[in-house]
Amino acid sequence: MRQNQFVNQVLAWQANHGRHDLPWQQPATPYRVLVSEIMLQQTQVTTVIPYFERWMSSFPTLQSLAAATEDQVMAHWQGLGYYSRARNLLKAARHLIEHSAGEFPDDLKELQEIPGVGRYTAGAIRSFAFDQYGPIVDGNVRRLFCRLFGIEGVPGTSVVDKELWRLAEELTPKEHNRRFAQGLLDLGATLCTPRNPNCTSCPLQADCVAFREQRQNELPHKKATKTIPRREAHFVLHLQADKPVRIRLLKRPPSGIWASLWCLPELDEAPTQGELVTEFTHTFSHFKMHGQVWLTQDSTLCLNEDSATQYVALEQLADFGLPAPFRALLPSLMQEI
DNA sequence: AAATCGTGGAG
DNA sequence: TCTCCAAGATT
């Protein structure tokens, strides 16, 4: 399949059937594109939209973001997951202001020097913000290419990824890059879906290896699933007696799970004195947490120099970035007691 | 190269 | 309930 033909089919389909009303498409300024692309990493569009709106309302410009505190940023990101993205976005704003007076580079290599911006995101910024040549390989493109060209290996391995990027660089046109990149993503998201793709409506059907061989559901090949381990976790619920009731929160360290979020103090083992108030299970990508929450009078648990601690009332809770299970748990817990 | 890093949508 | 996986980056 010739490059020209491929590009034209993607562009023509995009014009009629693609998505044109996503919040970050109007207007597609470099800052808005950066924020949306970071939020969209491993995260579905419908999940991102309300976060994007809230973010833009609070941090409308790169300058306003650079002036924000880490806690403000984390509070806006709470519930979205992969929290290093939030810290990197703050670093990115300060990086751009320091290195180029707030101006975005339009060069692929320089874009990848921005914290949190890798090869995909650099290409996306080039395409969406500058309408320039910017190859992209994300989950959508990976699936589309593996089927269209009948790529047999498992994506994620270096051989297959190298081939996917080679194809992306080769097939990406020199003009109409915004529409082309959007078309690729829209094709993957709406037609060339993981299960039961809508090949009948696909403009590339005639050239698709997977369709010809009726292997749409086999490609791309999936990597072997591994069972995730289960970890025990213990959390301290320490209340300040006076009204209004306040609970002690501890800021988690800058690395590891839930980095930089505020959380109930975590212990290695169950406290010797304490009442089990509630427990929960929470599944991450790579382990399952069984958490137990212990009510205690001991205010000295988990006290150390490097982590900030604060007593927080129910009304202030929204200002703190909390892990998802505690965002669900704490309000009712504080009202009952 | 393989692990780590979250949460929720959708079947 | 279980599984797959989403506009990936970083170490």
Side-chain angles (χ1 to χ4, degrees), chain A residues 18-19 22-25 28 33-52 74 77-89 91-92 111-129 134-144 154-162 164-165 168 178 181-190 193-197 217 220-229 231 252 254-261 263 281-289 321-328:
Chain A
R19 295 173 289 188
L22 296 169
W24 39 89
Q25 292 176 315
V33 170
L34 172 68
V35 172
S36 64
E37 288 302 335
I38 301 293
M39 286 187 171
L40 285 161
Q41 289 169 4
Q42 300 292 285
T43 311
Q44 293 184 190
V45 167
T46 55
T47 303
V48 164
I49 288 177
Y51 282 88
F52 180 80
M74 299 312 288
W77 206 272
Q78 65 173 323
L80 201 51
Y82 286 158
Y83 296 97
S84 66
R85 294 183 293 172
R87 291 191 312 278
N88 280 335
L89 199 41
K91 283 184 201 163
L111 282 169
Q112 288 186 73
E113 290 169 10
I114 300 173
V117 175
R119 192 172 180 182
Y120 162 79
T121 305
I125 294 174
R126 279 270 294 186
S127 297
F128 293 126
I136 53 172
V137 176
D138 75 324
N140 294 300
V141 176
R142 190 157 51 234
R143 199 165 52 246
L144 184 78
V154 176
T157 62
S158 56
V159 184
V160 173
D161 286 354
K162 193 176 171 187
L164 289 169
W165 277 103
R178 179 178 291 138
Q182 192 62 55
L184 281 184
L185 300 183
D186 292 347
L187 274 171
T190 64
T193 50
R195 281 168 301 191
N196 306 319
N217 286 319
H221 290 298
K222 296 151 182 60
K223 50 185 158 188
T225 58
K226 55 182 80 172
T227 58
I228 60 177
R231 296 183 199 168
R252 295 178 66 89
S255 66
I257 202 72
W258 294 335
S260 307
L261 292 181
C263 187
T281 61
H282 186 72
T283 306
F284 297 89
S285 48
H286 51 300
F287 69 94
K288 180 176 291 191
M289 171 185 285
L322 298 174
F326 293 106
R327 196 164 45 109

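Note on naming: letters A, B, ... go to the chains in the order of the sequence lines (proteins, then strands), and numbering restarts at 1 for each one.
- For A:Tyr82, there are no ring-ring contact (aromatic ring centres under 6.0 Å, His included) partners at least two apart in sequence or on another chain.
- The side chain to side chain contact (heavy atoms under 4.5 Å, CB included) check on A:Gln44 picks up A:Thr46, A:Thr47, with sequence neighbours excluded.
- Each salt bridge (charged side-chain N to carboxylate O under 4.0 Å, His left out) pair with one or both residues in residues 33-47 of chain A, not counting sequence neighbours, would appear here, but there are none.
- Nucleotides B:dG11 and C:dA7 place their P atoms 14 Å apart, quoted to the nearest Å.
- For A:His286, the side-chain hydrogen bond (donor to acceptor under 3.5 Å, both in side chains) test picks out no residue, with sequence neighbours left out.
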- Message: For a quick check, with a 4.0 angstrom heavy-atom cut-off, what is the B/S/- contact string for nucleotides 4-11 of chain C, read 5' to 3'?
- Response: SSBBBSS-

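- Across all strands shown, A:Lys223 has no heavy atoms under 4.0 Å from either base or sugar-phosphate atoms.
- Mapping A:Phe284 and A:Thr157 onto DNA chain B via the closest heavy atom, the residue that lands nearer the 5' end is A:Thr157.
- The side-chain hydrogen bond (donor to acceptor under 3.5 Å, both in side chains) check on A:Thr121 picks up A:Gln41, with sequence neighbours excluded.
- Every residue meeting the salt bridge (charged side-chain N to carboxylate O under 4.0 Å, His left out) condition with A:Arg19, not counting sequence neighbours, appears here in chain and number order: A:Asp186.
- Along DNA chain B, the stretch of nucleotides lying under 4.0 Å from any heavy atom of chain A spans, 5' to 3', B:dA1 to B:dG11.
- The nearest heavy atom of DNA chain B to A:Thr46 and to A:His286 marks one nucleotide each, and the one closer to the 5' end goes with A:His286.
- Residues meeting the salt bridge (charged side-chain N to carboxylate O under 4.0 Å, His left out) test with A:Arg252, sequence neighbours left out: A:Glu266.
- Using a 4.0 Å heavy-atom cutoff across all strands shown, A:Gly256 reaches sugar-phosphate atoms only and no base atom.
- The same atom, C1', is picked in C:dA6 and in B:dG6; the two are 12 Å apart, to the nearest Å.
- Distance alone, capped at 3.5 Å, places no donor-acceptor pair between the A:Asp138 side chain and the A:Tyr120 backbone.
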